[in-house]
Amino acid sequence: TRRIMRGKFSPYLVGIFGIVGMTLFYYVLLFATTSDPLHPYIFFLDKWFLLGPLFFGFGLQMFLFQKMRMVMSHGAKGVTGASMGMSGVSMAACCAHHLAEIFPILGLVGLAGIMTEYLNFFLGAGIFMNFFGAGYMLKKIQMAKVKC
């Protein structure tokens, strides 16, 4: 019963699903915008030091969010909204660089150039927000456990 606890999935399973899901989302998005099945691999090899922590950070947040849901179901439910907001901001920041691939379709080629120029900044901001959000959720989990 380690995998399912009280009708909920294990946080470890949810975290792994988050990493795999984000990786698949990355591949499908890059493939769809370039029509080149090798482009996502080449881009990953070029930016592995940014994409790896980004994928891991997303999985970590999903792990912590599931863990927090389990802790909250035991009594302290007041912190869920704030941590969900932080997760939402983190996910938006980590995917913002993909807007550069959609802008030319919308006729915003200049904006796409700016986004592409600052790609590393957006990826770095996404990593920062992921780990900031994870730290925030970890703190809330610890506070909730003390209250229980």
I'd like to check F58 versus I19 (side-chain heavy atoms, cut-off strictly below 4.5 Å). Are they in contact? no

In terms of hydrophobic clustering (I, L, V, M, F, W, Y; side-chain heavy atoms under 4.5 Å; direct or indirect links), are L60 and F49 co-clustered? yes

Can you tell me if Q61 uses its side chain to pair, donor with acceptor, with the backbone of N130 under 3.5 Å? yes

Would you please name every residue forming a side chain to side chain donor-acceptor pair (under 3.5 Å) with K47, sequence neighbours left out? N120

For Y41, side-chain contact (heavy atoms from CB on, under 4.5 Å) partners two or more places apart: Y27, L38

Atom of L64, atom of A134 and distance for their closest heavy-atom approach: CD1-O, 3.3 Å

Tell me every residue that passes ring pair (Phe, Tyr, Trp, His ring centres under 6.0 Å) with F55, counting only those two or more places apart in sequence or in another chain. Y26

Kindly work out whether a path of hydrophobic side-chain contacts (I/L/V/M/F/W/Y, heavy atoms less than 4.5 Å apart) joins L51 to L45. no

Write down the atom of F9, the atom of M70, and the distance for their closest heavy-atom approach. O-SD, 4.4 Å

Taking side-chain contact (heavy atoms from CB on, under 4.5 Å) as the definition, give me every residue that meets it alongside F121, ordered by chain and number, with sequence neighbours left out. Y118

Other residues, nucleotides and ligands only: do more than 12 of their heavy atoms fall within 6.0 Å of CZ on F31? yes

Is the backbone N or O of S10 less than 3.5 Å from a side-chain atom of Q66, with the two atoms forming a donor-acceptor pair by type? no

Which residues pass the ring pair (Phe, Tyr, Trp, His ring centres under 6.0 Å) test with F63, sequence neighbours left out? Y12

Run the side-chain contact (heavy atoms from CB on, under 4.5 Å) test against I16 and tell me which residues pass, sequence neighbours left out. V20

Out of curiosity, M22 CE to L29 CG, how far, rounded to the nearest 0.5 Å? 10.5 Å

Are L50 and W48 joined in one hydrophobic group, where the rule is that I, L, V, M, F, W and Y side chains link up if heavy atoms are under 4.5 Å apart? yes

